[in-house]
Enquirer: 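Have a look at this one.
By convention in this document, chain letters (A, B, ...) are assigned in the order of the sequence lines, proteins followed by strands, and residues within each chain are numbered from 1.
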2 protein chains.
Amino acid sequence: MSKSLTYTDKEEKLAQYSKALGHPARIFILNFLEKQCSCFAGDISSQLPIANSTVSQHLTALKEAGLIQGTINPPTIKYCINKTNWEEAKTLYREFFEV
Amino acid sequence: MSKSLTYTDKEEKLAQYSKALGHPARIFILNFLEKQCSCFAGDISSQLPIANSTVSQHLTALKEAGLIQGTINPPTIKYCINKTNWEEAKTLYREFFEV
DNA sequence: AAACTATATTGCAATATTACTATATAGTTT
DNA sequence: AAACTATATAGTAATATTGCAATATAGTTT
């Protein structure tokens, strides 16, 4: 038997990042932020066929996963990639696929 | 406005693969298959703290996402990574993070 | 202070995910 | 053919996700 009681940190983190990437709207948002370096929520929602409130939810999900961060500059919020975690995710995926 | 009506193929595919990777048990299974080259469902479920039927569900999810394939060899089924799609996923992630 | 702007939150409904136990399937051995 | 083995599926319950309209928030301009 010897059932492991839990998963490793890497398994948990990769799953967490993947869950955040698991919706095309969030992939779109991240692609957009990669190109623009930074942007406002309005820029994003004007390009997607979903309501503002839904975009806001996706942004919150990406923030909670650590992939983006927002700088408040009223009345807008400027979003950008969280580079530290982005690099971590990149490394995790590279390791995962290269092994 | 000019709302796009849908997402690109790449956005959809990356989201689909990510959704499949969005659970630590499925990350574990794929890591296991990477190391073992191939294995049986029983090998996997003996290493995870979840029921056989739940492992079976995760295997089905990975199969539907195209990341693994099974060869029937009664009474066992030998699972392995689907190399074509694995390479595609790898390329999609590389592009996504390198841009 | 009232109106405005950009964004977030709430409340709700529909659907999907996760996990389990119990049962079914399919092929093998006795 | 009956018992066995490995795996899948059905049925069920709890929880999570997705999306929207309506409302709230917070700062700015008139």
Enquirer: Looking at the side chain of S56(A), which of dG19(D), dT18(C), dA8(C) is the nearest nucleotide?
Expert: dA8(C)
Enquirer: Begin with the C-alpha distance, continue with both residues' side-chain angles, and end with the deciding distance and a verdict on side chain to side chain donor-acceptor pair (under 3.5 Å) for Y93(A) and S18(A).
Expert: CA-CA 9 Å; Y93(A) 281 105; S18(A) 296; 2.7 Å; yes
Enquirer: Please report, rounded to the nearest Å, how far the C1' atom of dA16(C) is from the CD atom of Q16(B).
Expert: 16 Å
Enquirer: Think T54(A) has a side-chain N or O under 4.0 angstrom from the OP1 or OP2 of dG19(D)?
Expert: no
Enquirer: Under a 3.5 Å limit for both distances, which nucleotide forms a Watson-Crick or G-U wobble pair with dT25(D), could you say?
Expert: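 WC or wobble partner is dA6(C).
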Enquirer: Ignoring backbone atoms, establish whether K19(B) has a side-chain N or O less than 4.0 Å from OP1 or OP2 of dT17(C).
Expert: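 K19(B) to dT17(C) OP1/OP2: side-chain N or O found under 4.0 Å.
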Enquirer: Who is the Watson-Crick or G-U wobble partner of dT30(C), with both distances under 3.5 Å?
Expert: dA1(D)
Enquirer: Between K63(B) and Q57(B), name the one whose nearest nucleotide on DNA chain D is closer to the 5' end.
Expert: K63(B)
Enquirer: Please state how far atom CG in N52(B) lies from atom C1' in dT23(C), giving the value in whole angstrom units.
Expert: 14 Å
Enquirer: Rounded to whole Å, please give me the gap between CD1 in I72(A) and P in dA26(D).
Expert: 10 Å
Enquirer: Rounded to the nearest Å, what distance is computed from the OH atom of residue Y79(A) to the P atom of nucleotide dT7(C)?
Expert: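 Spelled out: OH on Y79(A) to P on dT7(C) is 8 Å.
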Enquirer: Measure from CD1 on I77(B) to C1' on dA6(D) and round the result to the nearest Å.
Expert: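 Whole-Å distance recorded here is 8 Å.
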Enquirer: Which heavy-atom pair separates H23(B) from Y7(A) by the least distance, and what is that distance?
Expert: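 Here H23(B) and Y7(A) meet closest at CE1-OH, 4.4 Å.
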Enquirer: I'd like to check D43(B) versus Q47(B) (side-chain heavy atoms, cut-off strictly below 4.5 Å). Are they in contact?
Expert: no
Enquirer: From NZ of K78(B) over to P of dT7(D), roughly how many Å is that when rounded to an integer?
Expert: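 In whole Å, dT7(D) P and K78(B) NZ are 13 Å from each other.
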Enquirer: When we call it a touch if two heavy atoms are under 4.0 Å apart, what does T76(A) touch: a base, just sugar-phosphate, or nothing?
Expert: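 Sugar-phosphate only.
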Enquirer: Less than 3.5 Å between a donor and an acceptor, one on the side chain of S53(B) and one on the base of dT21(C), is that the case here?
Expert: yes
Enquirer: Kindly say if H58(A) contacts the phosphate of dT17(D), meaning a side-chain N or O under 4.0 Å from OP1 or OP2.
Expert: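 Checking dT17(D) against H58(A), no side-chain N or O comes under 4.0 Å of OP1 or OP2.
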Enquirer: Indicate yes or no: at least one non-hydrogen side-chain atom of Y79(B) is less than 4.5 angstrom from one of L62(B).
Expert: no
Enquirer: Any side-chain heavy atom of H58(B) within less than 4.5 Å of one from I29(B)?
Expert: yes
Enquirer: In whole angstrom, what separates E64(A)'s CD from dA8(C)'s P?
Expert: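 So the two atoms are 12 Å apart, to the nearest Å.
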Enquirer: Separation of Y7(A) atom OH from dA19(C) atom C1', in whole Å?
Expert: 11 Å
